[in-house]
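Below is one structure; the comments refer to it alone.
Computed from a prediction, not measured in an experiment: that's the story for all the values here.
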Amino acid sequence: MSSNWVEVCAAEEIDEEEVVRFDHEGRTFAVYRSPDDEYFATDGLCTHEQIHLADGLVMGDIIECPKHNGRFNYKTGQARGAPVCVNLRTYPVKVEAGSVFIGLS
């Protein structure tokens, strides 16, 4: 299965421990920059009530949903705290020439 790489933004536009929303072809994604300067991407909507995760709080490798404080590990997509129990889908990320790309299949 090959990935279709889509440019999200300049790498410098995402601060450490931050998340940005990225909309592409009717889908919403969340792109994160970890405290150790790595980039990750997940589905952009909480699996509990479809709230935009980009409005949430990033702490270490956790994204907290702004509505009911459900938590996910954004590196793995794993649901980490009630009320969320369905994992997020994750996507490959690469940084090339100062831009962040996510791989969509």
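If you run side-chain contact (heavy atoms from CB on, under 4.5 Å) between Ile63 and each of Asn73, Leu53, Leu57, only Leu53 comes through.
The line from CD of Gln78 to CG of Leu88 is 11.0 Å long, rounded to the nearest 0.5 Å. Atoms NE2 and SG, from His48 and Cys85 in turn, are 8.0 Å apart once rounded to the nearest 0.5 Å. Interatomic distance, OG of Ser105 versus CH2 of Trp5, reported as 10.0 Å (0.5 Å rounding). Here Phe72 contributes atom CZ and Arg80 contributes atom CZ; the two are 12.0 Å apart, rounded to the nearest 0.5 Å. Rounded to the nearest 0.5 angstrom, Cys9 SG and Phe101 CZ are separated by 10.0 Å. The SG atom of Cys46 lies 10.0 Å from the CG atom of Asn69; values are rounded to the nearest 0.5 Å.
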With side chain to side chain contact (heavy atoms under 4.5 Å, CB included) as the test, would you mind laying out the steps for Thr90 and Thr76 before giving the verdict? CA-CA 7 Å; Thr90 61; Thr76 65; 5.7 Å; no
Yes or no on side chain to side chain contact (heavy atoms under 4.5 Å, CB included) for Ile62 and Tyr74, after CA distance, side-chain angles and deciding distance? CA-CA 6 Å; Ile62 298 295; Tyr74 62 76; 5.7 Å; no
Just do the side chain to side chain contact (heavy atoms under 4.5 Å, CB included) check on Thr28 and His52 with the steps written out, would you? CA-CA 8 Å; Thr28 297; His52 288 282; 3.6 Å; yes
Steps toward side chain to side chain contact (heavy atoms under 4.5 Å, CB included) verdict (Val58, Glu18): CA-CA 6 Å; Val58 177; Glu18 286 295 327; 5.7 Å; no
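Side chain of Thr47 to backbone of Val86: a donor-acceptor contact under 3.5 angstrom is found. Listed for the Asn87 side chain is a donor-acceptor partner under 3.5 Å among the backbone atoms of Ala79.
In this structure, Tyr39 and Ser34 have side chains that are not in contact, with every pair of non-hydrogen atoms separated by 4.5 Å or more.
In this structure, a donor-acceptor pair under 3.5 Å is present between the side chains of Asp43 and Tyr91. A donor and an acceptor atom, one from each side chain of Thr42 and Tyr32, are located under 3.5 Å apart.
The residues Asp37 and Arg33 are annotated as salt-bridged, a charged nitrogen and a carboxylate oxygen being separated by less than 4.0 angstrom. Using a 4.0 Å cut-off between charged nitrogen and carboxylate oxygen, Glu96 and Lys94 count as a salt-bridge pair.
What you find for Pro35 and Glu17 is that their closest heavy atoms are CG-CG, 3.4 Å. In plain terms, the two heavy atoms of Val84 and Arg71 that are nearest each other are CG2-O, 3.4 Å.
Hydrophobic clustering of Ile, Leu, Val, Met, Phe, Trp and Tyr side chains at less than 4.5 Å, counting indirect connections, keeps Phe40 apart from Val20. Under the 4.5 Å side-chain contact rule for hydrophobic residues, Phe29 and Ile51 do not share a cluster.
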